[in-house]
Amino acid sequence: MDMEEKLAKIGISGKLFKLYLAAVELGEAPVQEVAARAGLARTTAYDVLERLEQEELIRIEARAGRRYVVAEDPVGMLQRLELKKQVIGDLMPQIRSLYNRSKGKPQIRFYEGEDGIQTVLWDTLTCQSKTLCGILCMGELIETPGLKEMDVYIDERVRRGITLKVLRSRDKDVEQIWPTGPAQLRDLRYAPEGITLGVTQYVYDDKVAIISSKRENYALVIESEDFARLQLAMFDTLWSLSTPGATAPDAPAADPHGRKPRVRSPRDPGESPAPTAAGAGAKTGGKSKGSKARDSNAAANGPGADTPAGGNGGTGRRRGRAGAG
């Protein structure tokens, strides 16, 4: 596939291609010269050059009563295409929502495996209302997609300013993480005793996302205004019957994901070990060989023998106690 065929795929074809190629080859030149190189009449060239200028592929400058065509750096074309892709990606959820409503049919997207579960999880961050209503099974989410992925997801949710109202079952909470608190924009309640929430579900806008257990290993997104409204009503009912969860402590400083700070025990590495019973006995009741020898010398030589010349009895007593044990 040559250059003309490839550029035609992004809308630069026919006269647009001829004039653009002439402008790039010349760098900058009067309009008449660019038109001649492209094999087009000057009057025809003006209309086509205006379109190229709108696409920011060239610019037209007036110099001394003449109009010059100046080709833009072709790298800018790639940057503009990336910008268009980003803008379209950001608008896609809204456009698809309008499209599906016009069709009047719900859309169901089914995914299998860990990659599919991550796709559905991250789709929840397209939430336009900035409020997610979730039923989460912590034990299953820690397995798939995994705690590391969930930490990244939570950080991004907070960055986008999306609040989570979440219901969980106490018997499915396997770690003391993800508490209520403003830092993570989370409001947690626990379902009544006897109700086990073993599947994760998010309701947002006109969507319902479901993430299964690791054993079944699937996820799906249902786009349906009626179904989303029904699931939200059921969520609100269960929410009203549930108990508020604990709030994240203010101090000491906690992990950004709600994990409790580690407290050092007396036996942590770097601290002196506690004395053993045998060691304590040796210090209180036993005597070292050196202390016994000094005691023998003291007995043989008489009082004060342990005191150096010019010293006093007090110093000798202190030395005797220091040597014991």
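Computed from a prediction, not measured in an experiment: that's the story for all the values here. For the numbers below, each heavy atom of this structure counts, side chains included, while hydrogens, waters and symmetry mates do not.
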Residue pairs passing the ring pair (Phe, Tyr, Trp, His ring centres under 6.0 Å) test with at least one member in residues 107-165, sequence neighbours excluded, are Phe110-Tyr218, Trp122-Tyr153

Taking atom CZ of Arg63 as the centre, does the number of heavy atoms from other residues, nucleotides or ligands within less than 6.0 Å exceed 12? yes

Can you tell if the side chain of Val34 reaches within under 4.5 Å of the side chain of Ile58, non-hydrogen atoms only? no

Who passes ring-ring contact (aromatic ring centres under 6.0 Å, His included) against Phe227, sequence neighbours left out? none

Flag if over 12 foreign heavy atoms under 6.0 Å of NZ, Lys84: no

Interatomic distance, Tyr20 atom OH to Met3 atom CE [nearest 0.5 angstrom]: 9.0 Å

Evaluate Arg109 against Glu223 for salt bridge (Lys or Arg N to Asp or Glu O under 4.0 Å), listing each step before the verdict. CA-CA 8 Å; Arg109 289 178 279 148; Glu223 295 185 54; 3.1 Å; yes

Measuring from Thr180:OG1 to Leu185:CG, what's the distance to the nearest 0.5 Å? 12.0 Å

Nearest heavy atoms of Ile142 and Glu175, plus distance in Å: CD1-OE2, 4.2 Å

Out of curiosity, does Met150 fall in the hydrophobic cluster containing Val152 (side-chain heavy atoms, cut-off under 4.5 Å, transitive links)? yes

Can you tell me how far NZ of Lys165 sits from CG of Asp236, rounded to the nearest 0.5 angstrom? 5.5 Å

Can you tell me if Thr237 uses its side chain to pair, donor with acceptor, with the backbone of Ala233 under 3.5 Å? yes

Side-chain heavy-atom pair Arg59, Glu28 within 4.5 angstrom cut-off: no

Test salt bridge (Lys or Arg N to Asp or Glu O under 4.0 Å) on Glu61 and Arg67; report intermediate values, then the result. CA-CA 6 Å; Glu61 298 179 352; Arg67 302 183 72 184; over 6 Å; no

Hydrophobic cluster membership, Leu81 vs Leu16, 4.5 Å side-chain cutoff: yes

Could you check whether Glu156 pairs with Arg159 (Lys NZ or Arg NE/NH1/NH2 to Asp/Glu carboxylate O, under 4.0 Å)? yes

Quick one: CD1 on Ile211 to OG1 on Thr124, what's the gap to the nearest 0.5 Å? 7.5 Å

Compare all side-chain heavy atoms of Glu4 with those of Ser13 and state whether any distance is below 4.5 angstrom. no

I'd like to know if the side chain of Thr196 pairs up with that of Asp171 as donor and acceptor (distance under 3.5 Å, no hydrogens or angles considered). yes

How far apart are the C-alpha atoms of Asp187 and Thr163, what are their side-chain angles, what is the distance that settles it, and do they pass the side-chain hydrogen bond (donor to acceptor under 3.5 Å, both in side chains) test? CA-CA 8 Å; Asp187 189 0; Thr163 299; over 6 Å; no

Is there side-chain contact between Leu125 and Arg160, with at least one heavy-atom pair below 4.5 Å? yes

Would you check if Ile10 and Met77 make a side-chain contact, meaning some heavy-atom pair closer than 4.5 Å? yes

Which heavy atom of Glu114 sits nearest a heavy atom of Asn217, and at what distance? N-OD1, 4.1 Å

With a 4.0 Å cut-off on N to O distance, would you call Asp226 and Arg229 a salt bridge? yes

Applying the 4.5 Å side-chain criterion to the ILVMFWY set and letting contacts propagate, would Leu188 and Val174 be lumped into a single cluster? yes

Using 4.0 Å as the upper bound for N to carboxylate O, is an ion pair formed by Glu25 and Lys18? no

Should Gln201 and Val208 count as side-chain neighbours, where that means a heavy-atom distance under 4.5 Å? yes

With the 4.5 Å side-chain cut-off for hydrophobic clustering, are Leu132 and Val199 part of the same group? no

Distance col, row Trp178:CH2 vs Leu141:CG, nearest 0.5 angstrom, shows 5.0 Å

For the residue pair Ile108 and Ser224, establish whether any side-chain heavy-atom pair is separated by less than 4.5 Å. no

Applying side-chain hydrogen bond (donor to acceptor under 3.5 Å, both in side chains) to Asp123 and Tyr204, what does each step give before you reach the verdict? CA-CA 10 Å; Asp123 187 83; Tyr204 53 108; 2.6 Å; yes

Going hydrophobic residue to hydrophobic residue with side-chain gaps under 4.5 angstrom, can you get from Ile210 over to Leu121? no

Can you list the residues that meet the ring-ring contact (aromatic ring centres under 6.0 Å, His included) rule with Phe235, with sequence neighbours excluded? Trp239

Measure the CZ-CG distance between Arg51 and Leu19 for me, rounded to the nearest 0.5 Å. 11.0 Å

